[in-house]
Amino acid sequence: MTIITVGPRPAGESGPDGGGDGGGGTPARERWFPLACYATGQLVLLGWWLALHPGLMSPDTVSYVRHVTTGPWTATHSVAYDALLRLSLRVTGDLSPVTLLQTTAMSAALAHLAGALRPYGPRRRWLVAAVGCAALLPPLGAFTVTMWKDVPFTICVLFAAGTAAGIAARPRAGTRHGDGTPSGATVPDGVPAPARPRPRGGGWDPRLAVLGAELLGAGLFRNNGFVVALIAAVLLVPLLPVARRWTAAVAAVAVAVPPLLMSSGYPALGVAPPPRVFAYQTVFGDLAVAYAERPGLFDRGQRELLTGIAPIGTWLRGATCHTVSRVYFDPDFDGREAERRVSEVMDLWRGLLVRAPGVILDARLCRAALAWQVGSTAGEPGGELYRFSLRDPVLPPGWEGTPVAAVMRGRPLSEGLRAAALSALDAAGAHRLEWLLWRGALWCYLCYATAALARRRTGSRAVAAVAAVVCAQQLGVLLTNTAQDFRFMVTPIIIGVLLVPTFLRETRALLSPR
């Protein structure tokens, strides 16, 4: 993976204080910049790994390990992440190498994105500080060392944001430098843009293949990740100075492969496909809300369909728009009956979507509040934000005393660091900090504001490409979200933190007298 480090440098960054080099060419410190970013992130995340070794776990982690040990192995979660855990258990007999690898990959992703922002952003030292801050913040540091499929998904999306920014800065026909700025124009603070050769190859940029691999990774590490990849590709098409057919082709592969593997590839490898009812959890949440709000929309046969799956009381208790868990995971919810009649359920849902689209849309918007609403939803039914499980997971019957059970227990490598980590997580969990540290909406809006300011002042498309990836994550939550779960919006928080120096720079430039 190539970390982007070169490009037009802002003025006013000369001298030995850590700024840029006032002359032509790339200074030595510019070449060391990506290594400084990586080392900063890795050092901090290594501290989290030592403190929370072998890593934080959840009920999902137990499912992953069950898939690859006692079985059966199903594709209800990421098969790619399951395979990583299986490889780690077979080679080392432990799970900690996976979380250690996550710290390495996350550090590389942070350095990659910082390198993409560097040519159009602030001084190097502020970007290095932003990388350190992102790794040090308790929600983000602890997230990185959690055994969740969402961690590699987030890493892939961060890489994709950095690569998209680099491609967006590529010269287009009729231009001499990045971002499609006309020949003879200037980049931030009036520095003449360096000449670059025009692209060759009929609009093909090799980095498109890298971007495609990163979007594909997002789809492989989260079953609905291909939705984010699809939205990101659509939003990036007008921003990338490459032939649209190439962008469409790369995106088509990245989006099509995960569903194809789910339907054909995984069963051929002996991995059972997930129950259809598992993929339609949001539909059952929609039906519960619709029945509670407008029972007159359901005729007798449709009510019998609902009561065949769960008692009416279950549907009414689960009629909170913030989560589907109060219906789908209710003890009285008959999963087998729901699977048997899932086609009828989908027909009912599609009919409601036509007859009462407002009800379904309201439920979806409410469930996606994590992505759009800055303030907390904790005071509303089902609106509590899920963060982390700091306790050892509850193991299935018969696992106690087995080698697998032993590696699924917390074994911190530094008691001092563990105490500090738990104290930091406790302080960060204060309700008054939820809007800032745990919810992604604020950071999404900061990304969009930064992109708009950069575009207005310099014509840069690089930050806009990063914002497009953030928007894809935000819209993806609207389509697929099942609960108010912090991990679903980690990507915008990380990107937002890294964009703070750029935002401050652009704001200062906007307010400065000309």
Side-chain angles (χ1 to χ4, degrees), residues 1-3 34-35 37-58 60-65 67-69 77-115 131-132 134-137 139-163 210 213-223 225 388-389 393 403-404 406-414 417-418 421 487 490-491 494:
M1 186 67 64
T2 301
I3 297 178
L35 181 59
C37 289
Y38 172 79
T40 300
Q42 183 65 83
L43 181 64
V44 176
L45 292 176
L46 184 61
W48 285 103
W49 185 76
L50 294 173
L52 302 175
H53 179 273
L56 296 181
M57 303 185 195
S58 71
D60 282 354
T61 311
V62 177
S63 297
Y64 308 156
V65 175
H67 289 168
V68 300
T69 53
H77 296 288
S78 166
V79 175
Y81 196 66
D82 287 355
L84 282 178
L85 294 179
R86 181 177 184 177
L87 179 63
S88 180
L89 286 171
R90 288 202 169 188
V91 174
T92 70
D94 201 355
L95 296 171
S96 58
V98 174
T99 49
L100 180 60
L101 178 62
Q102 289 174 185
T103 67
T104 302
M106 181 65 81
S107 301
L110 293 174
H112 181 62
L113 182 56
V131 168
L136 188 61
L137 286 176
L140 305 182
F143 169 79
T144 303
V145 295
T146 301
M147 291 181 200
W148 266 338
K149 62 185 183 298
D150 305 88
V151 178
F153 165 83
T154 298
I155 291 170
C156 288
V157 176
L158 290 174
F159 268 118
T163 301
V210 177
E214 292 157 350
L215 294 177
L216 174 60
L220 293 178
F221 282 113
R222 184 187 282 174
N223 286 352
F388 298 110
S389 177
V404 172
V407 302
M408 296 190 70
R409 298 302 183 192
R411 291 165 281 129
L413 299 180
S414 170
L417 284 175
R418 178 174 178 81
R487 59 188 165 138
V490 173
T491 304
I494 295 176

**Student:** Could you give the distance from CD1 (I155) to CG (D150), rounded to the nearest 0.5 Å?
**Tutor:** 11.0 Å
**Student:** With no hydrogens and no angle check, is any side-chain donor or acceptor of T61 less than 3.5 Å from a backbone partner on M147?
**Tutor:** yes
**Student:** Is there side-chain contact between L89 and V407, with at least one heavy-atom pair below 4.5 Å?
**Tutor:** yes
**Student:** When rounded to the nearest 0.5 angstrom, what distance separates CG in L110 from OH in Y38?
**Tutor:** 11.0 Å
**Student:** Minimum heavy-atom separation for A134 to L140, with atom names?
**Tutor:** O-CB, 3.2 Å
**Student:** What's the shortest heavy-atom distance between P412 and A51, and which atoms?
**Tutor:**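 Closest approach of P412 to A51: CB-O, 3.3 Å.
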**Student:** Can you pull out every ring-ring contact (aromatic ring centres under 6.0 Å, His included) where at least one residue sits in residues 79-101? Sequence neighbours excluded, please.
**Tutor:**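 Output for this query lists Y64-Y81.
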**Student:** Tell me the closest heavy-atom pair linking F388 and P139, and the distance in Å.
**Tutor:** CZ-O, 3.3 Å
**Student:** First locate atom CE of M408, then atom OG1 of T69, and finally report the distance between them rounded to the nearest 0.5 Å.
**Tutor:**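 Answer for the CE-OG1 pair, M408 versus T69, is 8.5 Å.
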**Student:** Please round to the nearest 0.5 Å and tell me the distance separating atom OG1 of T92 and atom CG of L100.
**Tutor:** 10.5 Å
**Student:** Which pair of heavy atoms, one from L52 and one from A421, lies closest together, and at what distance?
**Tutor:** CD2-CB, 4.4 Å
**Student:** Look at the side chain of T103 and the backbone N and O of Q42, then say whether any donor-acceptor pair between them is shorter than 3.5 Å.
**Tutor:** no
**Student:** For a side chain to side chain donor-acceptor pair (under 3.5 Å) check, start with the C-alpha distance between H53 and S414, then their side-chain angles and the critical distance, and finish with the verdict.
**Tutor:** CA-CA 9 Å; H53 179 273; S414 170; over 6 Å; no
**Student:** First locate atom CG of L84, then atom CG of L95, and finally report the distance between them rounded to the nearest 0.5 Å.
**Tutor:**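 So the gap between those two atoms works out to 11.0 Å.
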**Student:** What heavy-atom pair brings C156 and E214 nearest, and what distance separates the two atoms?
**Tutor:**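 So the minimum-distance heavy-atom pair works out to CB-O, 3.5 Å.
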**Student:** Considering only heavy atoms from C-beta outward, does the side chain of M57 approach that of T146 to under 4.5 Å?
**Tutor:**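 A side-chain contact is absent here, since even the closest heavy-atom pair is not under 4.5 Å.
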**Student:** Looking at every non-hydrogen atom in both residues, tell me the closest pair between A109 and L158 and how far apart they are.
**Tutor:**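 Minimum heavy-atom contact is CB-CB, 4.0 Å.
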**Student:** Please examine the side chains of V157 and R222, heavy atoms only from C-beta on, and report whether any two atoms are closer than 4.5 Å.
**Tutor:** no
**Student:** Take V145 and L45 through the side-chain contact (heavy atoms from CB on, under 4.5 Å) test and state the conclusion after the steps.
**Tutor:** CA-CA 8 Å; V145 295; L45 292 176; 5.8 Å; no
**Student:** Ignoring hydrogens and geometry, is there a side-chain-to-backbone donor-acceptor pair from W148 to S58 under 3.5 Å?
**Tutor:**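 Judged by distance alone, no pair lies under 3.5 Å.
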**Student:** Rounded to the nearest 0.5 Å, how far apart are OG1 of T40 and CG of L136?
**Tutor:** 11.5 Å
